[in-house]
Amino acid sequence: MNCYVGQMSENMSMNESAEFAVRSYLEFLGDPSTAVDGSRVAALEAQVGQTSDVIAKLKLLEELGRARSGDTAALRQAFVTHAKSWAAANTIGLDAFRALGVGDIALVEAGFDLGRNAPKKSGAATARPLRPARAANVSGSAIREHIAGLTGTFTLASVMHDVGGSLGTIRKIVDEMEAAGRVRNEGSDPSHSSRGRAPHVFRVI
């Protein structure tokens with residue numbers, strides 16, 4: 001059971017569950033480490049150290065790698081499921097979500113109406129199919145193309161959830177685009193209010 005699902009109580013009211021889903025996803029965007037279950041990682045590390053069978057160790061190392069990355073797919077899916085109804089109940093608009101790093105693709109998948117220029121859902125047919133979140137084989141050119149088309153500010157985590165790839169790859173590409181004068185680092189997110197260090201926000205120029 002992943003750390004997100006483990007915290008979801010069956011006794012939560014519908015509104016509490018929705019708010020928990022929204023909060024967990026926003027906290028992840030601000031600090032990706034919140035998606036990691038530290039106790040599970042520690043337990044798997046201990047098992048790896050105590051296991052001598054190479055096949056068992058191989059399987060444990062694979063599981064450890066997934067645990068260290070966190071179950072971000074569950075976080076995103078919960079946000080997509082609950083965000084629109086929770087936002088309507090709490091009078092939260094699109095700009096507020098965007099200010100905290102939520103990408104337009106996630107908002108569209110959640111059911112928000114972004115107007116005529118909204119990106120299509122990842123399941124829809126497009127000339128350039130959108131990769132699912134955390135797609136390991138997304139190309140650098142696809143990431144650059146996605147970033148170049150962004151408006152407003154964005155974070156590394158929001159790019160990862162919109163187009164895929166790893167945070168390390170995205171960070172390298174953003175650094176290259178910044179050095180080329182195509183992206184500006186606007187410093188720490190002034191609206192960050194959740195636990196952990198505030199992420200840097202960037203803007204295409």
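Computed from heavy atoms alone, side chains included, the values below leave out hydrogens, waters and symmetry copies.
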- Item | Hydrophobic cluster of Ile55, others only, ordered by chain and residue number, side-chain cut-off 4.5 Å | Val54

- From CD1 (Ile143) to CG (Asp162), nearest 0.5 Å: 11.5 Å

- Message: Taking Val48 as the starting point, is it possible to reach Leu58 by hopping between hydrophobic residues whose side chains are less than 4.5 Å apart?
- Response: no

- Query: What are the two closest non-hydrogen atoms of Asp113 and Leu94, and how far apart are they?
  - Reply: O-CD1, 3.8 Å

- Query: Do Met160 and Leu156 come close enough that some side-chain heavy atom pair is under 4.5 Å?
  - Reply: no

- Task: Locate the shortest heavy-atom distance separating Ala106 from Val102; write the atom from each residue and the value.
- Result: CB-CG1, 4.1 Å

- Between Phe28 and Phe79, ring centroids under 6.0 Å: no

- Task: Compare every heavy atom of Thr51 with every heavy atom of Ala56, then report the nearest pair and how far apart it is.
- Result: CB-CG2, 3.7 Å

- Query: In Å and rounded to the nearest 0.5 Å, what is the CD to OG1 distance from Glu186 to Thr153?
  - Reply: 7.0 Å

- Say whether Leu44 and Leu61 are linked into one hydrophobic cluster, either directly or through other cluster members, by side-chain heavy-atom distances under 4.5 angstrom. yes

- Message: So, using side chain to side chain donor-acceptor pair (under 3.5 Å) as the criterion, who are the partners of Ser141 when residues are at least two apart?
- Response: Ser139

- Message: Quick check: do Val204 and Thr151 have side-chain heavy atoms less than 4.5 Å from each other?
- Response: no

- Query: Ser158 and Gly101: which non-hydrogen atoms are nearest, and at how many Å?
  - Reply: CB-O, 2.6 Å

- Task: Among residues two or more places apart or on two chains, list those pairs meeting side-chain hydrogen bond (donor to acceptor under 3.5 Å, both in side chains) that have a residue in residues 84-100.
- Result: Glu19-Trp86, Arg98-Asp104

- Is there a chain of hydrophobic side chains (I, L, V, M, F, W, Y, each step under 4.5 Å between heavy atoms) that links Val201 to Leu100? no

- Task: Determine yes or no for a side-chain-to-main-chain donor-acceptor pair under 3.5 angstrom, with Ser24 supplying the side chain and Ala21 the backbone.
- Result: no

- Those residues that, when tested against Phe154, pass ring pair (Phe, Tyr, Trp, His ring centres under 6.0 Å) (two or more places apart): Phe202

- Give the minimum heavy-atom separation between Ala148 and Arg182, together with the two atoms involved. CB-NH2, 3.7 Å

- Message: Using every non-hydrogen atom in the two residues, find where Val183 and Ile205 come nearest and quote the distance to one decimal.
- Response: N-CG1, 3.9 Å

- Message: By the salt bridge (charged side-chain N to carboxylate O under 4.0 Å, His left out) test, which pairs, at least two apart or in different chains, include something from residues 44-57?
- Response: Glu45-Arg68

- Message: Working to the nearest 0.5 angstrom, can you tell me the gap between His82 NE2 and Ser17 OG?
- Response: 6.0 Å

- Item | Val159 and His146, any side-chain heavy atoms less than 4.5 Å apart | yes

- Query: With a 4.5 Å limit on heavy-atom distance, are the side chains of Tyr25 and Val80 in contact?
  - Reply: no

Donor-acceptor pairs are to be reported for all side-chain atoms of residues 171-179 against protein atoms at under 3.5 Å, with residues two or more places apart or in another chain.
residue : atom : partner : partner atom : Å
Glu176  : OE1  : Arg144  : NH2          : 2.8

